[in-house]
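The structure displayed is predicted, hence computed values, not measured ones. The chains referred to below are lettered A, B, ... by the order of the sequence lines, with proteins before strands, and numbering in each begins at 1.
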Amino acid sequence: MSAVLEAPPPALDPALAALVIRESALLDAWKLEEWLAMYAPVCAYWVPTEWDQASPHDTVSHIYDDRRLLETRVRRFRHAMFHAQKPPSRTVRLVTNLRAGPVPNSTLCSYEVAEFRNNRHRRYVGRATHEFEADGAGGWLISRKRFDMIDCDAVLDGISIIL
Amino acid sequence: MDMPLPTRGRLDPAEMVQEGRVHRAAYVDPAIFEMEMDRIFGRAWLYLCHESQVATPGRFFATQMGREPVIVARGRDGVIRVMFNRCTHRGAKLTMDETGQAKRFVCCYHGWAFDLDGKLAEVPLPEGYGDGAYPPEDGSLDLVRVPRVENYRGFIFASLAAEGPTLAEFLGPVASSFDDMVDRAPGGLLEVAGGVSRHAYDGNWKLVIENHNDTLHPRFVHASSVAAARDQKDTVHSDGAGEVQIKQMRQNGAPAAVWESLGIWASASGHSFMGDYHTDAHMAARPAEDPVQMAYRKALEETHGVERTEEILSIQRFNTVVYPNLSFMSRFRQLRVVQPISVNRTVVTTYTFRMPLAPPEMFRDSIAFANVVNGVGSLVLTDDLETYARVQDGLASQGGDWVDVKRGMGGDANEANGTLRGQTGTSEIHLRAQFAAWRRWMTA
């Protein structure tokens with residue numbers, strides 16, 4: 001975090017910024033297969049249980065999906081017996097303070113997912129880091145998305161949506 | 001037509017548990033919940049923590065026993081004590097940290113300082129309190145101790161009641177599940193590691209305790225994750241974490257014959273355990289020819305010898321419930337503590353155990369397993385939590401007063417180890433045992 005407070009900040013690549021916005025929009029629109037297509041063949045989607053958690057392999061996570069599990073996660077949304085999505089959630093994501101991230105080809109943003117489901121409104125708030133790799137055709141794929149929620153170590157109810 | 005029981009708040013627990021059925025008030029009546037906190041959580045042996053969480057002098061662990069906040073602390077003399085987390089002056093909680101290292105517990109309000117053994121060691125500005133010496137020499141202002149604390153193979157339990165059965169008597173035949181967990185660890189060494197998973201749900205505490213040995217629910221509750229995992233191509237990249245999780249989801253889709261043939265055993269104290277349904281060797285302990293598995297077996301053989309190691313590894317036990325607040329997987333080293341918050345709100349905290357003398361890859365697998373079984377964003381757990389909330393909603397309805405727990409009734413068989421075994425693996429014998437224990441606690 002401290003690096004981004006130092007001047008001058010590294011420039012945000014507008015192409016990467018556009019992808020962060022697109023990623024968020026696809027999730028809000030429930031276009032999950034298109035969303036998955038934004039991710040690299042070797043990738044990770046990670047929601048840690050500890051602030052500044054160093055590794056997904058020596059500490060538990062709320063969510064840690066490699067590509068294989070991420071595909072499974074997306075497929076489950078199309079199953080008729082996904083009980084925790086009956087009724088389905090409606091979501092709106094807020095991406096703000098978007099800036100260059102801590103490693104090359106990455107972004108960092110303040111990120112909020114507002115969810116409404118079954119008469120309940122929930123908010124997931126934190127910082128999101130997106131890392132990208134070249135797709136070989138002049139574009140970018142997401143190689144890693146990490147969402148550090150400010151209440152990562154709180155007692156939480158089930159999270160049935162993709163954050 | 002059944003005669004309705006008296007209205008809410010005036011039900012007699014003795015009438016609420018009948019042959020093969022339980023009155024819904026057990027789940028939805030706030031007055032019954034308060035009675036449970038007094039009579040069950042106020043008397044039964046409750047699991048607090050593992051001794052590795054208070055490994056050295058000064059280490060402490062703060063938790064709840066029903067409604068009571070307590071501190072488990074290891075004193076300078078090495079003794080583990082359990083005390084109420086409440087200053088004896090004006091009542092403030094002494095520590096808000098769940099774990100830590102302390103020399104003393106110092107109250108934030110007026111600075112009273114208590115030693116690790118609970119003794120009031122120092123009162124600032126003592127002359128102002130009056131003629132008597134502060135701290136008083138008779139110990140009358142020391143922290144209040146929880147009367148009984150016992151340790152079974154590293155697992156620390158306490159009881160808020162001064163008298164009652166010993167821990168060994170209370171655990172009875174399910175003590176063997178702790179043996180299974182410890183014996184599987186090379187050198188008998190286990191430690192809590194890898195952080196904590198916590199989840200909450202809008203439902204009564206009994207719902208999760210009932211579900212953990214419910215072998216009939218996966219095909220319905222977990223249908224979506226089973227199907228999604230089955231359809232997953234294994235050629236897609238995994239760093240190992242997804243592989244473990246997907247295998248677990250597929251195991252949940254085991255055929256009915258597998259579930260039916262499992263053993264399920266229950267004891268008179270309301271405890272129960274079920275056989276293991278994992279046919280995938282990696283899930284259980286990796287294939288025999290796997291170098292990690294070979295190193296693990298070798299480490300176990302150094303502890304136990306070849307013959308005993310074979311015996312230990314042949315035990316097929318998945319989940320054990322110690323009524324009322326503990327559920328653990330001895331083979332997979334996951335331990336879940338159930339904390340009732342209110343009649344319709346419950347928190348479950350999961351601890352993962354590392355075997356320090358086993359190959360580190362096994363701990364990495366345990367973390368992935370923890371995420372799928374106990375993670376709040378798991379493809380599996382989310383459907384359990386949704387189900388608990390729906391049960392709670394349904395039981396609040398007046399559309400029926402009784403919960404049916406008859407599956408397999410009449411086929412319960414006495415076993416030599418002091419348990420009753422269900423007729424089939426999907427018997428609701430564990431529910432009948434839990435409610436028999438519930439009725440005893442609530443009426444005696």
Side-chain angles (χ1 to χ4, degrees), chain A residues 36 39-51 53-87 117-120 124 143 147 149 151-163, chain B residues 193-202 220-246 249 339 341 347-350 352 354 360 363-364 366-368 370-372 374-379 381-387 389-390:
Chain A
L36 184 62
Y39 280 74
V42 176
C43 65
Y45 158 55
W46 187 20
V47 184
T49 60
E50 294 182 355
W51 195 249
Q53 184 172 328
S55 166
H57 299 299
D58 62 15
T59 300
V60 293
S61 297
H62 295 305
I63 296 161
Y64 175 71
D65 293 357
D66 53 27
R67 174 78 198 199
R68 197 185 297 175
L69 184 53
L70 195 55
E71 290 187 3
T72 305
R73 184 178 295 274
V74 167
R75 187 178 304 110
R76 174 168 171 247
F77 281 92
R78 305 307 178 204
H79 196 277
M81 289 173 76
F82 187 166
H83 309 298
Q85 272 295 301
K86 284 177 181 272
R117 176 182 174 264
N118 202 12
N119 289 320
R120 185 171 173 204
Y124 310 86
S143 55
F147 181 28
M149 298 191 289
D151 53 354
C152 57
D153 48 4
V155 177
L156 299 173
D157 285 47
I159 300 173
S160 62
I161 54 171
I162 295 173
L163 294 173
Chain B
V196 184
S197 306
R198 301 174 200 278
H199 59 262
Y201 62 88
D202 288 331
F220 307 102
V221 170
H222 301 307
S224 67
S225 56
V226 168
R230 273 193 188 142
D231 291 345
Q232 179 58 48
K233 283 198 188 79
D234 288 335
T235 48
V236 174
H237 179 263
S238 168
D239 64 13
E243 180 186 3
V244 167
Q245 296 206 28
I246 288 164
M249 291 182 235
Q339 173 59 45
I341 304 297
V347 168
V348 181
T349 305
T350 304
T352 300
R354 197 172 80 88
F363 182 58
R364 187 178 156 121
S366 292
I367 293 294
N371 289 350
V372 71
N374 296 305
V376 83
S378 144
L379 281 64
L381 181 75
T382 38
D383 282 327
D384 288 310
L385 301 184
E386 173 71 14
T387 302
R390 290 194 199 179

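To the nearest 0.5 Å, atom OG1 of residue A/Thr49 and atom CG of residue B/Asn371 are 8.0 Å apart. The distance from the OG atom of B/Ser238 to the CG atom of A/Asp65 is 10.0 Å, given to the nearest 0.5 Å. The CG atom of A/Leu156 lies 10.5 Å from the OG atom of B/Ser197; values are rounded to the nearest 0.5 Å. Here the NZ-CZ distance, from B/Lys233 to A/Arg67, works out to 11.0 Å after rounding to the nearest 0.5 Å.
Contact of A/Glu50 with chain B is made through the side chain alone, with heavy-atom distances under 4.5 Å. Neither the backbone nor the side chain of B/Ala368 comes within contact range of chain A, judged by heavy atoms closer than 4.5 Å. Heavy atoms of B/Ser378 lying under 4.5 Å from chain A belong exclusively to its backbone. For a residue to count as touching a neighbouring chain, one of its non-hydrogen atoms must lie under 4.5 Å from one of that chain's; by this rule B/Asp231 touches chain A with backbone and side chain alike. Only the side chain of B/Arg390 has a heavy atom closer than 4.5 Å to any heavy atom of chain A. In this structure, chain A has heavy atoms under 4.5 Å from both the backbone and the side chain of B/Leu379. Looking at B/Asp384, neither its backbone nor its side chain comes within 4.5 Å of chain A, counting heavy atoms on both sides. Neither the backbone nor the side chain of B/Val226 comes within less than 4.5 Å of any heavy atom of chain A.
If you tally non-hydrogen atom pairs under 4.5 Å between each of B/Ala193, B/Ala200, B/Ala229 and chain A, the highest count goes to B/Ala200. Of the listed residues (B/Pro360, B/Ser225, B/Ala370, B/Gly240), the greatest number of heavy-atom pairs within a distance under 4.5 Å of chain A belongs to B/Ser225. No other option in A/Ile63, A/Asn118, A/Val155 has as many heavy-atom pairs under 4.5 Å with chain B as A/Val155. Contacts with chain A were tallied for B/Asn374, B/Asp239, B/Leu381; B/Asp239 has the most, counting heavy-atom pairs under 4.5 Å. Listed options A/Arg73, A/Arg78, A/Gln85 were ranked by heavy-atom pairs under 4.5 angstrom with chain B; first place goes to A/Arg73. No other option in A/Ser160, A/Gly158, A/Pro56, A/Ser61 has as many heavy-atom pairs under 4.5 Å with chain B as A/Ser61. Chain A forms the most heavy-atom pairs under 4.5 Å with one residue out of B/Ala228, B/Gly375, B/Gly242, and that residue is B/Ala228.
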* **A/His57 vs B/Ile367, side-chain contact (heavy atoms from CB on, under 4.5 Å): CA-CA, chis, key distance, verdict** => CA-CA 6 Å; A/His57 299 299; B/Ile367 293 294; 5.8 Å; no
* Checking side-chain contact (heavy atoms from CB on, under 4.5 Å) for the pair B/Met249/A/Leu69: CA distance, chi angles, key distance, verdict? -> CA-CA 11 Å; B/Met249 291 182 235; A/Leu69 184 53; 3.5 Å; yes
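Salt bridge annotation for A/Arg76-B/Asp383: present, with a cationic side-chain nitrogen under 4.0 angstrom from a carboxylate oxygen.
Contact check for B/Gln245 versus A/Thr72: no side-chain heavy atoms found under the 4.5 Å cut-off.
B/Ala223 and A/His79 get closest at one heavy-atom pair: O-NE2, 3.8 Å. Here the closest heavy-atom approach between residue A/Asp157 and residue B/Tyr201 is recorded as OD2-CA, 4.4 Å.
Applying a 4.5 Å heavy-atom cutoff, the residues of residues 39-46 of chain A that approach chain B are A/Pro41, A/Val42.
The main-chain N or O of B/Val236 is found under 3.5 Å from a side-chain atom of A/Arg68 such that the two form a donor-acceptor pair.
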